[in-house]
Amino acid sequence: MRKIKFRLWDTEEKCFMNHSRVIESRVLDLENNGEGRFIFQQWTGLLDRHGREIYEGDIVKYSFKDGEDINTRVLEIFNDGVNFKMKELHRDYWLEKIDGVLKIKHGHLTKYRGETNLLCDVSGLVIYWYEVIGNIYKHPHLLEGDSIENQ
């Protein structure tokens, strides 16, 4: 059974609050008729390649190894009310047929922007991994498709 955890974004202070203030802040939010000062984000139950917890609202690089190449997608993690999902922002590769053979080409591609898939656990796989590179509140420029080379 997975542990249920949340982090809390304070829209006025523009920062994440530590866990010890979450309950106190939720009470304040309710006393203010739910004016929306605080935004709760749930932990997905997954860790990135560096052991950091992945929460809804995080922006992650989802990478996989193809021979010597590393191919990456930049994704926003969200919860649709039932499942944790990932929405594509951009990727650094695509397939192109060259002389009848599919080859991987690299560059900044937004063709698949907005496509969603279920978030899955890849921690047991050697060639796939997630890496948290930001979140939608502290790093909104990443939602606009900034190149991962800028990270």
Side-chain angles (χ1 to χ4, degrees), residues 1-22 25-26 36-151:
M1 188 156 131
R2 146 177 112 71
K3 185 187 276 189
I4 305 294
K5 292 170 63 171
F6 293 89
R7 68 181 180 192
L8 184 69
W9 176 256
D10 185 326
T11 61
E12 288 181 15
E13 299 293 325
K14 304 287 187 220
C15 65
F16 285 105
M17 300 180 72
N18 66 35
H19 289 70
S20 65
R21 294 195 53 209
V22 168
S25 297
R26 183 62 180 151
R37 174 178 175 182
F38 305 105
I39 299 170
F40 287 79
Q41 295 180 311
Q42 188 175 356
W43 178 43
T44 64
L46 301 178
L47 303 174
D48 78 354
R49 71 184 298 185
H50 302 293
R52 290 180 293 219
E53 296 173 340
I54 301 173
Y55 284 82
E56 60 182 306
D58 278 342
I59 299 170
V60 300
K61 290 194 309 188
Y62 174 55
S63 302
F64 66 94
K65 198 169 189 176
D66 181 23
E68 296 301 313
D69 286 333
I70 295 181
N71 303 309
T72 301
R73 295 179 180 183
V74 176
L75 309 162
E76 175 190 346
I77 306 302
F78 70 99
N79 188 317
D80 69 357
V82 178
N83 297 299
F84 289 106
K85 293 187 174 181
M86 43 193 190
K87 177 169 59 174
E88 184 158 329
L89 302 172
H90 61 88
R91 60 177 70 177
D92 77 345
Y93 71 95
W94 63 89
L95 295 174
E96 191 172 296
K97 195 176 255 189
I98 300 172
D99 296 328
V101 178
L102 280 176
K103 301 219 178 201
I104 290 183
K105 302 292 281 185
H106 287 272
H108 191 76
L109 181 68
T110 57
K111 176 180 177 183
Y112 301 99
R113 182 178 179 83
E115 286 190 8
T116 63
N117 289 297
L118 283 173
L119 180 67
C120 56
D121 184 359
V122 296
S123 61
L125 304 173
V126 176
I127 62 169
Y128 295 94
W129 63 90
Y130 297 113
E131 181 178 358
V132 175
I133 60 171
N135 64 69
I136 61 175
Y137 299 108
K138 282 187 169 182
H139 311 96
H141 62 281
L142 293 174
L143 294 171
E144 303 307 315
D146 276 6
S147 171
I148 55 178
E149 287 78 39
N150 296 336
Q151 305 311 308

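The structure displayed is predicted, hence computed values, not measured ones.
In plain terms, the two heavy atoms of L143 and L89 that are nearest each other are O-CD2, 4.0 Å. Looking at every heavy atom in both residues, L75 comes nearest to E88 through CD2-CA, 3.5 Å. Heavy atoms only, all atoms of each residue included: K138 and N135 are closest at N-OD1, 2.8 Å. Of all heavy-atom pairs spanning S123 and D121, the tightest one is OG-OD1, 2.7 Å.
Atom CD of E131 sits about 12.0 Å away from atom CG of D58, to the nearest 0.5 Å. Separating the CG atom in D66 from the CD1 atom in I127 is a distance of 8.0 Å, to the nearest 0.5 Å. The line from CD1 of I77 to NZ of K85 is 12.5 Å long, rounded to the nearest 0.5 Å. Atom NZ of K87 is separated from atom CZ of F78 by 6.5 Å, given to the nearest 0.5 angstrom. For the atom pair OH (Y130) and CZ (R73), the distance works out to 10.5 Å, reported to the nearest 0.5 Å.
Within the 4.5 Å cutoff, the side chain of L47 has heavy atoms near those of the E53 side chain. Using a 4.5 Å cut-off on side-chain heavy atoms (C-beta onward), K61 and W129 make no contact. Contact annotation: the side chain of Q42 approaches that of I4 to within less than 4.5 Å [non-hydrogen atoms, C-beta and beyond]. Side-chain contact between K105 and I98: present, with at least one pair of heavy atoms (C-beta onward) separated by less than 4.5 Å. Residues K97 and L102 have side chains in contact (heavy-atom distance under 4.5 Å, counting atoms from C-beta outward). A heavy-atom distance below 4.5 Å is not found between the side chains of L119 and N83. Residues Y62 and V122 are in side-chain contact: their nearest non-hydrogen atoms beyond the backbone lie under 4.5 Å apart. Taking 4.5 Å as the limit, every side-chain heavy atom of L46 sits out of range of all side-chain heavy atoms of F84.
For D69, there are no salt bridge (charged side-chain N to carboxylate O under 4.0 Å, His left out) partners at least two apart in sequence or on another chain. Contacts of E56 classified as salt bridge (charged side-chain N to carboxylate O under 4.0 Å, His left out), with partners at least two apart in sequence or in another chain: none. Under the rule for a salt bridge (charged side-chain N to carboxylate O under 4.0 Å, His left out), the partners of R52 that lie at least two apart in sequence or sit in another chain are D48.
For F64, the CZ atom is densely surrounded, since the number of other residues' heavy atoms within 6.0 Å is greater than 12.
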Derivation of the side chain to side chain contact (heavy atoms under 4.5 Å, CB included) call for K103 and L95: CA-CA 5 Å; K103 301 219 178 201; L95 295 174; over 6 Å; no
Working for side chain to side chain contact (heavy atoms under 4.5 Å, CB included), residues R91 and Y112: CA-CA 8 Å; R91 60 177 70 177; Y112 301 99; 3.3 Å; yes
CA sep, side-chain torsions, deciding dist, call: M86, I54, side chain to side chain contact (heavy atoms under 4.5 Å, CB included): CA-CA 11 Å; M86 43 193 190; I54 301 173; over 6 Å; no
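The aromatic rings of Y55 and W43 sit tilted relative to each other, their planes meeting at an angle between 30° and 60°. Taking the six-membered ring for Trp and thresholds of 30 and 60 degrees, Y137 and F16 have ring planes more than 60 degrees apart, a perpendicular arrangement.
Among L109, T72, I104, the single residue meeting the side-chain contact (heavy atoms from CB on, under 4.5 Å) criterion with Y93 is I104.
A donor-acceptor pair is defined here as one N or O able to donate and one able to accept, closer than 3.5 Å; such a pair exists between the side chain of H106 and the backbone of D92.
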